[in-house]
Amino acid sequence: DIFRDIGEEELYGQTLIAMGDLQVRSGQVMSGAAMYEVGLDSLDNLSGTQKVLRGSLGIKRRLTGEPPLPPKDSEPPQES
């Protein structure tokens, strides 16, 4: 949360992804996947692998009845 507090959303997302990866490797698959998903949602520029994984996590959310994550705005709102 420190990165988020100082406005570093990209570092926040990368940190959550790294922590989620560690959890998955240590056998805590569901909590690691959840943390990885939040990390992916915090990043703006996803790699190809990350895009596929995010899509897979979205399918999991639909199959388990979880609400979908709101789409991340890629552009700031335009003023009229």
Side-chain angles (χ1 to χ4, degrees):
D1 290 334
I2 293 172
F3 290 127
R4 188 173 250 179
D5 292 342
I6 61 172
E8 290 291 340
E9 194 73 19
E10 188 78 17
L11 289 174
Y12 175 74
Q14 291 173 356
T15 302
L16 288 178
I17 287 173
M19 290 171 59
D21 186 43
L22 285 172
Q23 285 187 330
V24 168
R25 290 174 192 251
S26 68
Q28 301 173 0
V29 176
M30 294 307 289
S31 62
M35 189 169 287
Y36 202 98
E37 184 175 12
V38 173
L40 286 175
D41 201 45
S42 298
L43 298 179
D44 287 330
N45 299 318
L46 301 178
S47 69
T49 305
Q50 290 172 334
K51 288 177 184 178
V52 169
L53 185 56
R54 185 172 182 191
S56 298
L57 290 169
I59 292 170
K60 180 209 58 114
R61 291 180 78 69
R62 286 194 299 273
L63 291 175
T64 59
E66 297 175 51
L69 293 173
K72 186 160 178 92
D73 296 334
S74 58
E75 296 179 5
Q78 297 177 352
E79 295 181 22
S80 304

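Once rounded to the nearest 0.5 Å, the distance linking CD of Glu37 with NZ of Lys60 reads 5.5 Å. The line from CG of Leu46 to CD1 of Ile17 is 7.5 Å long, rounded to the nearest 0.5 Å. Here the OH-CD1 distance, from Tyr12 to Ile6, works out to 13.0 Å after rounding to the nearest 0.5 Å.
Looking at Asp41 and Arg54, their side chains come closer than 4.5 Å, going by heavy atoms from C-beta outward.
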Donor-acceptor pairs under 3.5 Å, side chain of residues 27-36 to any protein atom, not counting sequence neighbours: which ones?
| unit_1 | atom_1 | unit_2 | atom_2 | d |
| --- | --- | --- | --- | --- |
| Ser31 | OG | Gln28 | O | 3.4 |

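Within a 6.0 Å radius of CG in Asn45, no more than 12 heavy atoms belonging to other residues, nucleotides or ligands are found.
Taking both residues in full, the closest heavy atoms of Ser42 and Gly13 are given as CB-CA, 3.7 Å, listed atom of the first, atom of the second, then distance.
Leu11 is linked by a side chain to side chain contact (heavy atoms under 4.5 Å, CB included) to Phe3, Glu8, Gln14, counting only residues two or more places apart in sequence or in another chain. Among residues two or more places apart in sequence or in another chain, the side chain to side chain contact (heavy atoms under 4.5 Å, CB included) test is passed with Thr49 by Ser47.
Leu40 and Val24 are assigned to two separate hydrophobic clusters, defined by single-linkage of ILVMFWY side chains at heavy-atom distances under 4.5 Å.
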